[in-house]
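Since the model is a prediction, treat every value here as computed from it, not as a measurement.
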Amino acid sequence: MTTIQYPESADLRSLLRFAPEDGHIWLSEHRMLLLHVGAMSELRKELIGSVGQQQARRILTRMGFASGMRDAELARKTRQARDPADAFVVGPQLHMLEGCARVEPVRLEFDMQGNTFYAEFLWHDAWEAEAHVQAFGEVDQPVCWMMIGYASGYTSAFMGRFILFKETQCAATGCENCRIVGKPAEEWPDADELRPYFEADSIVGRLLELREEIEAMRHTIACPRKTPDLIGSSSSFLHAYDLISRAASTSVSVLLLGETGVGKERFARTLHEMSARKDAPFVAVNCAALPDELIESELFGVERGAFTGAHASRAGKFERAHGGTLFLDEVGELPLPAQAKLLRVLQEGEIERLGDERTRKINVRLVAATNVDLQKAVSAGTFRRDLYYRLNVYPVTIPPLRERPGDIPALVDALVRRFETLHGKRIAGISDKAMHALKLHSWPGNVRELENVLERGAILAPQNGLIEIEHLFIGALPDDSQEHALSARGELEAAHRPPQDLVAAVLASGVSLEAFEQNLLNRAVDQANGNLAAAARLLGMTRPQLNYRIKKQAG
Ligand SMILES: [Zn+2]
């Protein structure tokens with residue numbers, strides 16, 4: 001491959017979308033920024049001045065590395081099925097599209113197995129050399145640190161091994177252009193000197209060590225559904241957590257309030273784990289899941305012969321939780337007779353099995369939870385007032401997810417790592433656009449819904465790839481979210497769906513062009529509530545043009 005020609009870059013250009021109304025620029029699903037080179041130049045100058053040249057170089061290299069890695073994702077996305085060299089030059093072509101330099105290929109030799117790699121490129125008008133010279137004048141060492149980071153990050157992610165690029169000449173030293181050479185790190189005699197600029201923290205380390213990390217994690221996870229710790233740092237969440245930790249050292253009955261899916265059982269478990277009872281059982285019962293006629297024997301136990309079918313004596317959940325914690329979920333669903341018994345247990349600290357004369361002392365901390373308004377249930381006569389007061393001694397309200405959107409990134413991170421392990425798969429993370437969508441969603445099903453959505457995303461995302469928006473919300477978005485921020489998001493999404501996908505869908509549907517046009521026109525008119533001028537705007541045409549088409553369809 002001595003003469004390398006770039007393929008037509010329309011596929012890459014089409015990934016770049018401007019959404020000025022929303023204040024977004026997207027490169028595929030990555031959110032981008034249009035920055036002033038002058039401002040970047042200031043930033044570099046400040047960095048060098050405040051942390052010194054070595055640290056500044058390290059920070060900028062790593063920043064470039066991170067952006068190169070993100071662009072490598074797009075190589076797979078756009079040119080996976082093509083010639084390997086065509087796929088590789090997505091990097092240099094994107095680097096040009098992003099305004100960094102004109103990248104002229106000199107030599108490119110590699111095999112897809114990653115055994116060999118050699119590349120040489122020229123950078124014409126590299127922004128970083130210009131910025132450096134602008135701030136400091138000509139220097140005697142190469143300075144395109146961020147751009148070298150980009151080339152190395154892109155190539156390392158593309159090849160799946162650490163490929164180190166180095167400037168063998170730089171325009172900032174008075175040369176006409178910058179020349180970069182890339183080789184596997186171990187082939188550079190001075191690799192040990194260069195490596196620290198890339199390493200530190202997590203970037204190269206993350207790329208190379210993730211596999212082992214996943215292996216290690218898999219071993220530490222005894223039960224694949226093991227409850228992760230409670231995650232959140234928003235004030236409402238921390239307030240609930242604080243109340244729980246204060247209750248832990250006492251034996252007070254706790255009432256957990258909050259919508260379905262907010263993680264009430266997780267809070268109850270955490271309370272149990274933090275308490276002196278942690279080595280005794282934690283027993284959870286969902287009151288709504290048990291039929292009325294079974295609930296009393298489930299909770300309080302039954303003696304042999306207590307009723308037809310009671311062939312053997314059996315301990316109830318209270319007895320099984322002795323010394324520990326009993327979690328009664330959906331306590332509002334308890335039938336009235338069971339409520340009376342529960343109240344007695346709480347008052348006396350003893351239970352009586354069904355059909356038994358004897359009472360048994362029990363030592364159990366009760367954690368009850370409900371997503372209904374118990375006070376309303378009291379007014380309606382379906383919940384005992386005295387039991388309500390007894391349970392409501394220490395209420396803790398767990399906030400719904402929509403009230404703590406700031407916690408979503410940390411939750412997503414923890415969940416992605418969990419599903420990575422669970423499904424034996426390496427996932428690079430979640431795209432900016434997908435994260436944006438998660439933050440806009442109203443989460444009626446709370447953390448549980450987020451878990452389900454992300455698990456699906458983790459399964460659908462490509463190996464080593466990012467979870468993208470299409471992996472999260474398949475087909476229609478959840479219903480009630482549409483009236484929230486999703487109308488705006490829906491539009492954005494529609495604008496960003498690659499046109500070829502729409503075309504492919506239309507072709508696959510077998511619908512005729514004429515029928516499709518008619519549908520499109522009708523839909524636009526409907527959506528504009530019959531206002532033809534507005535419908536024309538939706539379709540990107542003038543009103544007379546729309547009139548003409550409607551007449552044509554009618555005729
Ligand atoms: Zn340079």
Side-chain angles (χ1 to χ4, degrees), residues 11-12 15 27-31 62 64-95 110-117 119 149-165 182 184-185 198-199 201-219 221 409 412-435 438 453-472 474 498:
D11 53 348
L12 303 182
L15 299 177
L27 182 65
S28 184
E29 298 211 355
H30 299 292
R31 185 163 176 191
R62 279 153 55 188
F65 198 97
S67 103
M69 281 184 80
R70 280 168 174 77
D71 279 359
E73 185 73 24
L74 302 181
R76 167 178 29 215
K77 211 170 159 175
T78 50
R79 296 188 188 158
Q80 191 170 32
R82 313 237 315 238
D83 174 70
D86 283 359
F88 181 82
V89 295
V90 163
Q93 286 186 288
L94 282 177
H95 218 189
F110 69 97
D111 66 294
M112 276 317 277
Q113 290 69 45
N115 298 321
T116 59
F117 186 89
Y150 177 93
S152 305
Y154 174 83
T155 310
S156 298
F158 186 90
M159 298 299 295
R161 64 185 291 200
F162 187 21
I163 305 288
L164 201 154
F165 271 82
F198 295 89
E199 274 172 354
D201 297 0
S202 57
I203 296 168
V204 176
R206 197 166 156 67
L207 176 74
L208 300 176
E209 287 160 18
L210 245 160
R211 190 172 293 273
E212 288 98 295
E213 210 176 283
I214 290 176
E215 282 304 314
M217 266 167 63
R218 193 171 294 149
H219 290 293
I221 296 194
V412 166
D413 194 50
L415 289 169
V416 167
R417 266 185 282 126
R418 182 165 119 210
F419 294 132
E420 211 174 27
T421 312
L422 188 62
H423 299 292
K425 187 166 180 180
R426 153 106 163 81
I427 291 164
I430 181 162
S431 77
D432 298 335
K433 203 176 201 181
M435 182 62 89
L438 293 181
V453 164
L454 279 174
E455 178 157 26
R456 185 170 57 211
I459 291 168
L460 293 177
Q463 183 72 262
N464 292 314
L466 288 173
I467 298 178
E468 300 191 345
I469 210 164
E470 65 185 32
H471 305 133
L472 296 175
I474 304 165

Does the ring centre of F88 sit less than 6.0 Å away from the ring centre of F117?
->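 Yes; F88 has its ring centre under 6.0 Å from that of F117.
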Output field: ring centroids Y154/F65 closer than 6.0 Å | no
Determine whether [X] and [Y] make a side-chain contact, defined as any pair of heavy atoms from C-beta on separated by less than 4.5 Å.
| X | Y | answer |
| --- | --- | --- |
| I467 | I427 | yes |
| M435 | P409 | yes |
| E73 | N464 | no |
| S152 | F198 | yes |
| R79 | L12 | yes |
| H471 | R456 | no |
| I430 | L466 | no |
| Y150 | H95 | yes |

Quick check for you: to the nearest 0.5 Å, what is the distance between [X] atom [atom1] and [Y] atom [atom2]?
| X | Y | atom1 | atom2 | result |
| --- | --- | --- | --- | --- |
| L27 | S67 | CG | OG | 10.0 Å |
| M159 | M112 | CE | CE | 6.5 Å |
| D86 | Q93 | CG | CD | 8.0 Å |

Considering all heavy atoms, the nearest [X]-[Y] contact:
| X | Y | answer |
| --- | --- | --- |
| A75 | A87 | CB-O, 3.7 Å |
| G465 | R76 | CA-NH2, 3.4 Å |
| L438 | L454 | CD1-CD2, 4.3 Å |
| A458 | F419 | CB-CB, 3.7 Å |

Counting only N and O atoms by type, is there a donor-acceptor contact under 3.5 Å from the side chain of [X] to the main-chain atoms of [Y]?
| X | Y | result |
| --- | --- | --- |
| E29 | I469 | yes |
| T155 | I163 | no |
| K433 | R31 | no |
| R70 | A66 | yes |
| D71 | G91 | no |
| D432 | H30 | no |
| S28 | L15 | no |

Do T78 and D11 have side-chain N/O donor and acceptor atoms under 3.5 Å apart?
->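 Their side chains do not contain a donor-acceptor pair, so the 3.5 Å distance test is not met.
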For the residue pair E455 and H423, confirm or rule out a side-chain donor-acceptor distance under 3.5 Å.
-> yes
